[in-house]
Amino acid sequence: MTVRRADVARLAGTSPSVVSYVLNGGPRGVAEETRQRVLAAIEELGYRPNGIARSLRMARTMTLGLVVPDNANPYFAELARAIEEESFAEGYTLLIGNSSEDDDRQTTYVQTFLARQVDGLFLVPAHGPLRCLPDLQRAKTPWVTLDRAVPGIAPAVLVDNHGGAYAATRHLLDHGRRRIACLAGPQDVMPATDRVAGWRSALAEAGVRPDAMSLWHAPFGRQAGYSAARTMLAEEDRPDAIFVASDEQAMGVLRAIAELGLVCPDEVAIASFDGVAAAMYSTPGLTTVQQPFRLLARAAVGELMQQLTLSVSDDPGADEEHGTEVLPVRLVRRGSCGCVDPTGGDALQTGDTELTTFPTERTEN
């Protein structure tokens, strides 16, 4: 027999309206004692609200969408996990799509999520012209970008890519390395260009000519890192260190170093970027610039919740600001750069960490 709201109200000794206030968090307040009686009655009777009807009344589906370029990449997998946990804490279910760095596939996912009437979208833009932009603008569904910005169009939550790359390269220089190559991501991806700029800045500051150093662009993946490193390390004037723009690429670089009979870090030191969990388990452990996954997710979800609140505001211009929030990163020092490689327990999990000095900032475009 179906349990109705009236049954809950009868057991709790209150009215169906009060049960609605408890379930929906308003619009009227409910005394804590009454609220507890209602919750106890819901538990005892096994009452489950009709989600579809509730969504129609609230004009909300309580779902959010996330589209990432590659859900097999540990960086995006860890980012998606953090966003899912933060969304769940806010009462939302997260739908996830994988664009495979394809703009058309990304557009299909965005259109599908909009057709399912998600309340908001998180987007890590794929390579390409962002063909889904007209769909997003017509739908007026709140959206936020991560990792890569769409300046002046949507709010973005990023990390200090330039500062992190500078810190990693500076650390390699502090180890006495002077032929520091850079293995970057694709040229048309913002994090890659910012990390290359940070690498250049650190070299120039140390009196090393960046244009005299090897610079390679490759996709963010292990195979791409492996293939690029095999070529880079075959050069006559072989680099004595490589700043690698992602941990995934760095895993491939470590394999190439081993196959060529070289020793990391003695002959080739490595520092990378992202700080995925797998980086602590390579041999040697990867020195890496760690992104704050939890803070990224919290900031992105917070931005989306604010947009959802503003969407029902009486101020017609309240949701017109599209700011960019830049979060700080930290350098985690392990064995690949020449530092002592931590082993066991908490030391293995964290490495020797050093916060960069680049503060959180927010700019309005």
Side-chain angles (χ1 to χ4, degrees), residues 73 75 127 161-276 278-279 282-289 331-341:
N73 184 317
Y75 165 69
H127 299 169
N161 289 293
H162 182 283
Y166 171 91
T169 307
R170 181 73 254 178
H171 187 65
L172 292 171
L173 288 163
D174 289 343
H175 274 284
R177 310 295 170 143
R178 286 298 178 270
R179 299 190 310 280
I180 304 175
C182 178
L183 173 53
Q187 287 181 280
D188 60 343
V189 176
M190 188 182 70
T193 57
D194 287 351
R195 291 171 196 177
V196 169
W199 166 75
R200 289 183 183 277
S201 294
L203 292 179
E205 186 180 280
V208 178
R209 289 175 47 215
D211 57 358
M213 301 295 106
S214 294
L215 169 61
W216 289 73
H217 288 276
F220 290 119
R222 297 186 187 193
Q223 177 61 47
Y226 168 82
S227 299
R230 292 280 306 197
T231 304
M232 296 170 75
L233 296 172
E235 295 176 349
E236 184 175 345
D237 190 17
R238 187 181 69 215
D240 61 7
I242 307 175
F243 166 63
V244 188
S246 75
D247 292 343
E248 274 291 273
Q249 292 170 312
M251 295 293 182
V253 172
L254 287 175
R255 174 62 184 252
I257 290 172
E259 284 189 0
L260 292 169
L262 301 172
V263 178
C264 175
D266 298 1
E267 294 170 281
V268 184
I270 301 293
S272 60
F273 206 110
D274 284 340
V276 301
S282 62
T283 303
L286 272 176
T287 290
T288 180
V289 176
L331 181 66
V332 180
R333 298 174 292 198
R334 299 192 180 101
S336 68
C337 64
C339 287
V340 175
D341 209 357

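Atoms considered below: every heavy atom in the structure, side chains included; atoms not considered: hydrogens, waters and symmetry mates.
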Practice problem: Enter the distance from Arg222:CZ to Asn73:CG here, rounded to the nearest 0.5 Å. | Solution: 9.0 Å
Quiz prompt | Closest non-hydrogen atom pair between Pro284 and Ser336, with its separation | solution = CG-CA, 3.7 Å
Quiz item: Of the non-hydrogen atoms in Ala181 and Met232, which two are nearest, and what is the gap between them?
Solution: CB-CE, 3.4 Å
Quiz item: Nearest 0.5 Å, what's the CG-CZ distance between Leu172 and Arg178?
Solution: 10.5 Å
Exercise. Of all the heavy-atom pairs spanning Ala228 and Leu183, show the shortest one and how long it is.
Key: CB-CD1, 3.6 Å
Practice problem: Identify the heavy atoms of Cys337 and Thr287 that sit nearest to each other, and give their distance. | Solution: SG-OG1, 3.0 Å
Quiz item: Is there side-chain contact between Ile242 and Leu233, with heavy atoms separated by less than 4.5 Å?
Solution: yes
Quiz item: Can you check whether Leu203 reaches Leu173 side chain to side chain, under 4.5 Å on heavy atoms?
Solution: yes
Self-check item: Test item: Arg200 and Leu215 side chains (from C-beta on) under 4.5 Å apart, heavy atoms
Solution: yes
Self-check item: Contact check, side chains of Leu286 and Met251, non-hydrogen atoms, under 4.5 Å
Solution: yes
Quiz item: Taking the side chain from Gln187 and the backbone from Thr193, do they hold a donor-acceptor pair closer than 3.5 Å?
Solution: no
Quiz item: Does CZ belonging to Arg230 count more than 12 external heavy atoms closer than 6.0 Å?
Solution: yes
Self-check item: Shortest non-hydrogen contact between Asp341 and Gly285, atoms and distance
Solution: OD2-N, 2.8 Å
Exercise. Could you tell me whether the side chain of Cys339 reaches within less than 4.5 Å of the side chain of His171, counting heavy atoms only?
Key: yes
Quiz item: Does some side-chain heavy atom of Ile180 sit less than 4.5 Å from a side-chain heavy atom of Val208?
Solution: no
Quiz item: Please, which pairs that meet ring pair (Phe, Tyr, Trp, His ring centres under 6.0 Å) have at least one residue in residues 187-222, sequence neighbours excluded?
Solution: none
With a cut-off of 3.5 Å and sequence neighbours excluded, list every side-chain donor-acceptor pair involving residues 261-275.
| unit_1 | atom_1 | unit_2 | atom_2 | d |
| --- | --- | --- | --- | --- |
| Glu267 | OE1 | Val263 | N | 2.8 |
| Ser272 | OG | Asp247 | OD1 | 2.6 |
| Asp274 | OD1 | Gln291 | NE2 | 2.8 |

Practice problem: Keeping the roles fixed (side chain from Asp240, backbone from Arg179), state whether a donor-acceptor pair exists under 3.5 Å. | Solution: yes
Quiz item: Would a distance-only check, ignoring hydrogens and angles, find a side-chain to backbone donor-acceptor pair under 3.5 Å from Arg195 to Ala245?
Solution: yes
Exercise. Kindly compute the distance separating NE2 (His175) from CZ (Arg333), expressed to the nearest 0.5 Å.
Key: 8.0 Å
Quiz item: Can you find a pair of side-chain heavy atoms, one from Met213 and one from Cys182, that are under 4.5 Å apart?
Solution: no
Practice problem: Given side-chain hydrogen bond (donor to acceptor under 3.5 Å, both in side chains), test Ser201 with Glu205 step by step and report yes or no. | Solution: CA-CA 6 Å; Ser201 294; Glu205 186 180 280; over 6 Å; no
Practice problem: For residues Gly225 and Val253, report the shortest heavy-atom separation together with the two atoms involved. | Solution: O-CG2, 3.7 Å
Self-check item: Donor-acceptor contact below 3.5 Å, side chain Gln249 vs main chain Ala184
Solution: yes
